[in-house]
Amino acid sequence: ACAEFSQRSCEECLRNVSCLWCYTNNTCIDYPVRSILPSSSLCSLSNARWGVCWMNFEALIIAIAVVAGLILLSVTVCCCYCCYCRKRSRSGPDEEEERLARKKEERRLQSLQRKHERKMKHDEIRKKYGLLQDSDNPYSRFENE
């Protein structure tokens, strides 16, 4: 079917996807499906056209290789970046966070100590003025003597 378009034009030949146009002798040939690239005995890569007439097969292969390489590179970079971020987030709190946690705990302990000291002072004052209730009977009524 492709041989019918020989000696016509590249556009007519390439309307059929299974055809390959060769500019050296203006022939339309069946694309060699068994091999990925057409052999140089059929047509040189710089003179072969497939898909579009304005780009030769050599440039098409280079363009596809560059695009595939960029996609592969970007996927690799994304995977490495994601693995790095995941590893960093799993590593736990860093030194700054640990230091802040220690300071927070120290402040909490100091606060509890001051609270205990205030309670002791208040109990001493209550004891001095007779306001300290029995721990045995905390609901006993205060009576003036």
May I ask you to say whether [X] pairs ionically with [Y], meaning some side-chain N is under 4.0 Å from a carboxylate O?
X	Y	answer
Asp123	Lys119	yes
Arg108	Glu105	yes
Lys103	Glu106	no

Donor-acceptor under 3.5 Å ([X] side chain, [Y] main chain):
X	Y	result
Trp50	Leu60	no
Ser111	Arg107	no
Thr76	Leu72	yes

To the nearest 0.5 Å, tell me how far [X] [atom1] sits from [Y] [atom2].
X	Y	atom1	atom2	result
Phe57	Leu20	CZ	CG	6.5 Å
Asn56	Leu45	CG	CG	8.0 Å
Ile125	Met120	CD1	CE	12.5 Å
Trp21	Cys13	CH2	SG	6.0 Å
Cys10	Phe5	SG	CZ	12.0 Å
His116	Lys121	NE2	NZ	12.0 Å

Using every non-hydrogen atom in the two residues, find where Met55 and Arg49 come nearest and quote the distance to one decimal.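 Looking at all heavy atoms of both residues, the shortest contact is O-CD, 3.3 Å.
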Work out which heavy atom in Cys19 is nearest to a heavy atom in Leu14; give both atom names and the distance. O-CD2, 3.6 Å
Can you check whether Ser6 reaches Asn26 side chain to side chain, under 4.5 Å on heavy atoms?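 No, every pair of side-chain atoms sits at 4.5 Å or beyond.
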Non-hydrogen side-chain atoms of Thr24 and Cys43 separated by less than 4.5 Å: yes
Is it true that Leu73 and Ile71 fall in one hydrophobic cluster, defined by side-chain heavy atoms closer than 4.5 Å? no
Identify whether Trp54 and Ile61 are in the same connected component of the hydrophobic contact network (ILVMFWY, side-chain heavy atoms under 4.5 Å).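 Yes.
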Would the SG atoms of Cys28 and Cys2 measure under 2.5 Å apart? no
Salt bridge (charged side-chain N to carboxylate O under 4.0 Å, His left out) between Arg99 and Glu96, worked out: CA-CA 5 Å; Arg99 186 179 58 81; Glu96 181 69 22; 2.4 Å; yes
